[in-house]
Trainee: 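Got a structure here, written out as structure tokens. Questions coming.
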Amino acid sequence: MSTRIRTAMLMAAGLGKRMRPLTATRPKPLVKVAGKALIDHALDRLEAGGIERVVVNVHYLADTVEAHLRTRKGAMTILVSDERKELLETGGGLMKAKELLGDDPFLCANSDNLWIDGPRDSIATLAAHWNDARMDALLLVVPHARANCHSGPGDFHMDATGRLSRRKPGHIAPFVFTGVQILSPRLLKDPPSAAFSTNIFWNRAIAEGRAYGVSHQGLWFDVGTPQAIPVVEDVLAHA
């Protein structure tokens with residue numbers, strides 16, 4: 001039976017260094033791809049996936065991001081987690097937003113990855129696979145060969161049950177993290193510092209055998225550099 005995921009965290013606080021010079025005067029979430037800001041691509045997917053409430057963290061050019069969010073129309077409630085004073089990275093950002101995220105499993109998505117659903121809505125697919133008794137993290141992953149515009153060596157191995165393990169040093173891993181995941185609030189505890197990576201939470205879940213993955217069946221793009229934008233736009237134009 002599917003878990004109903006109503007709340008999401010959208011990561012939008014990064015400096016966008018890899019996207020320079022486009023981010024010299026605008027935050028990365030407002031860089032346009034196919035005529036639409038990256039953050040709107042993400043918000044549209046969240047809304048289509050049934051998310052009712054989204055927490056967006058802000059840091060770099062935060063006023064611009066907040067102003068853009070105020071212009072957005074739709075049924076979702078949008079809350080802002082303010083990181084103006086200090087960039088907290090992904091894990092620290094989740095800890096700061098903890099009270100806004102509530103006590104139920106929530107979706108977490110990056111604002112600089114763009115995905116198109118396959119035969120089924122990807123958020124619905126994650127929700128259908130969520131098992132609260134077995135999992136603390138459920139990541140949407142994509143096969144390395146279909147990770148468009150991504151140049152890394154891969155992130156995870158996944159066994160027949162969906163359980164994740166880390167890429168071994170010096171090897172290629174068959175799956176890349178898409179930036180979309182369901183997390184249990186049980187993970188949001190004992191931060192090592194104010195600013196830290198979500199990798200800390202994943203490591204805990206992996207060590208306890210409570211980190212799982214689902215393979216994405218649609219298209220996915222790592223929109224991390226200016227060079228990726230025309231590639232993505234060309235594919236979208238013919239999708």
Side-chain angles (χ1 to χ4, degrees), residues 1-12 29 33-34 36-56 72 74-76 78 90 94 101 104-132 134-150 152 154-159 161-164 173-184 187 198 201-202 205 211-224 228 231-233 235-236 238-239:
M1 183 177 178
S2 293
T3 299
R4 180 69 189 274
I5 304 296
R6 293 182 168 87
T7 298
M9 174 90 182
L10 185 60
M11 296 293 186
V33 176
K36 184 191 297 187
L38 281 169
I39 197 169
D40 288 323
H41 282 287
L43 289 169
D44 286 348
R45 293 261 54 86
L46 297 182
E47 191 161 16
I51 298 298
E52 299 171 359
R53 189 167 170 273
V54 58
V55 179
V56 182
R72 185 173 172 88
M76 281 193 307
I78 299 177
T90 51
L94 284 167
L101 293 170
D104 297 320
F106 61 92
L107 191 85
C108 181
N110 296 342
S111 62
D112 60 352
N113 299 144
L114 193 152
W115 79 93
I116 298 174
D117 290 326
R120 187 180 184 191
D121 180 275
S122 301
I123 295 173
T125 298
L126 280 172
H129 282 79
W130 179 261
N131 183 326
D132 201 61
R134 295 171 58 203
M135 303 172 182
D136 286 330
L138 179 62
L139 281 58
L140 187 68
V141 296
V142 65
H144 193 282
R146 293 198 289 108
N148 293 293
C149 305
H150 185 78
D155 301 308
F156 297 103
H157 296 268
M158 185 164 61
D159 71 14
T161 70
R163 187 170 284 164
L164 296 178
F175 291 99
V176 173
F177 176 51
T178 64
V180 184
Q181 60 187 319
I182 293 176
L183 296 174
S184 168
L187 281 177
T198 309
F201 295 143
W202 290 345
Y212 286 79
V214 173
S215 183
H216 179 52
Q217 298 302 307
L219 294 173
W220 178 81
F221 305 91
D222 180 350
V223 196
V231 177
V232 178
E233 290 179 333
V235 174
L236 292 179
H238 298 92

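One-based numbering along the sequence shown. Treat the numbers as computed from the prediction; the structure is a model and nothing was measured.
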Trainee: Got a second to check how far Leu140's CG is from Cys108's SG, nearest 0.5 Å?
Mentor: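 With rounding to 0.5 Å, CG (Leu140) is 12.5 Å from SG (Cys108).
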Trainee: What's the shortest heavy-atom distance between Arg146 and Gly218, and which atoms?
Mentor: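 Closest approach of Arg146 to Gly218, heavy atoms only: NH1-O, 2.9 Å.
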Trainee: Distance check, rounded to the nearest 0.5 Å: Arg163 atom CZ versus Arg134 atom CZ?
Mentor: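 One gets 7.0 Å once the value is rounded to the nearest 0.5 Å.
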Trainee: Decide side-chain contact (heavy atoms from CB on, under 4.5 Å) for Asn148 and Val231; before the verdict, give the C-alpha distance in whole Å, the side-chain angles of both, and the deciding distance to 0.1 Å.
Mentor: CA-CA 9 Å; Asn148 293 293; Val231 177; over 6 Å; no
Trainee: With a 3.5 Å distance limit and no angle check, can you tell me whether Asp159 reaches the backbone of Thr161 through a side-chain donor-acceptor pair?
Mentor: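 Present.
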Trainee: Give the minimum heavy-atom separation between Leu38 and Ser111, together with the two atoms involved.
Mentor: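 Distance-wise, the nearest heavy atoms are CB-O, 3.4 Å.
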Trainee: Measuring from Met76:CE to Leu43:CG, what's the distance to the nearest 0.5 Å?
Mentor: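 Between Met76 CE and Leu43 CG, I get 4.5 Å after rounding to 0.5 Å.
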Trainee: Within this structure, what is the CD1-NE2 distance for the pair Ile116 and His41, rounded to the nearest 0.5 Å?
Mentor: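 Atom-to-atom, Ile116:CD1 and His41:NE2 are 9.0 Å apart.
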Trainee: I'd like to know if the side chain of Thr178 and the backbone of Val142 have a donor-acceptor N/O pair within less than 3.5 Å.
Mentor: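 No, because the side chain of Thr178 does not come within donor-acceptor range (under 3.5 Å) of the backbone of Val142.
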Trainee: Please walk me through it: do Thr198 and Gln181 pass side-chain contact (heavy atoms from CB on, under 4.5 Å)?
Mentor: CA-CA 11 Å; Thr198 309; Gln181 60 187 319; 4.2 Å; yes
Trainee: Work out which heavy atom in Leu183 is nearest to a heavy atom in Leu94; give both atom names and the distance.
Mentor: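 Nearest heavy atoms, Leu183 then Leu94: CD1-CD1, 3.8 Å.
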Trainee: Please assess Ile39 against Val56 for the test side-chain contact (heavy atoms from CB on, under 4.5 Å), listing each intermediate value before the final yes or no.
Mentor: CA-CA 10 Å; Ile39 197 169; Val56 182; 4.2 Å; yes
Trainee: Checking ring pair (Phe, Tyr, Trp, His ring centres under 6.0 Å) against Phe156, which of Trp202, Tyr212, Phe175 comes through?
Mentor: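 Output: one option passes, namely Trp202.
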Trainee: Check whether His144 reaches the backbone of Asp155 with its side chain - one donor and one acceptor, N or O, closer than 3.5 Å.
Mentor: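 Not at all, since once roles are kept as given, no pair shorter than 3.5 Å links the two residues.
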Trainee: Say you draw a straight line from CG of Asn113 to CE of Met11; how long is it, rounded to the nearest 0.5 Å?
Mentor: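 If I round to the nearest 0.5 Å, the distance is 12.0 Å.
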Trainee: Looking at side-chain heavy atoms only, is the closest gap between Val180 and Ser122 below 4.5 Å?
Mentor: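 No, too far: nothing below the 4.5 Å cut-off.
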Trainee: Apply side-chain contact (heavy atoms from CB on, under 4.5 Å) to the pair Val214 and Leu138, showing each step before the final yes or no.
Mentor: CA-CA 7 Å; Val214 173; Leu138 179 62; 3.7 Å; yes
Trainee: Of the non-hydrogen atoms in Ser184 and Phe106, which two are nearest, and what is the gap between them?
Mentor: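 Taking Ser184 first and Phe106 second, the nearest heavy atoms are C-CE2, 4.4 Å.
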Trainee: Considering non-hydrogen atoms only, spot the tightest contact between Ile5 and Leu107 and give its length.
Mentor: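 Shortest heavy-atom separation between Ile5 and Leu107 comes out as CG2-N, 3.7 Å.
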Trainee: Quick check: closest heavy atoms across Lys36 and Asp44, and the distance to 0.1 Å?
Mentor: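 Nearest pair, atom of Lys36 first, then Asp44: NZ-OD2, 2.7 Å.
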Trainee: Nearest 0.5 Å, what's the CE-CD1 distance between Met9 and Ile51?
Mentor: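 Here the interatomic distance stands at 13.5 Å.
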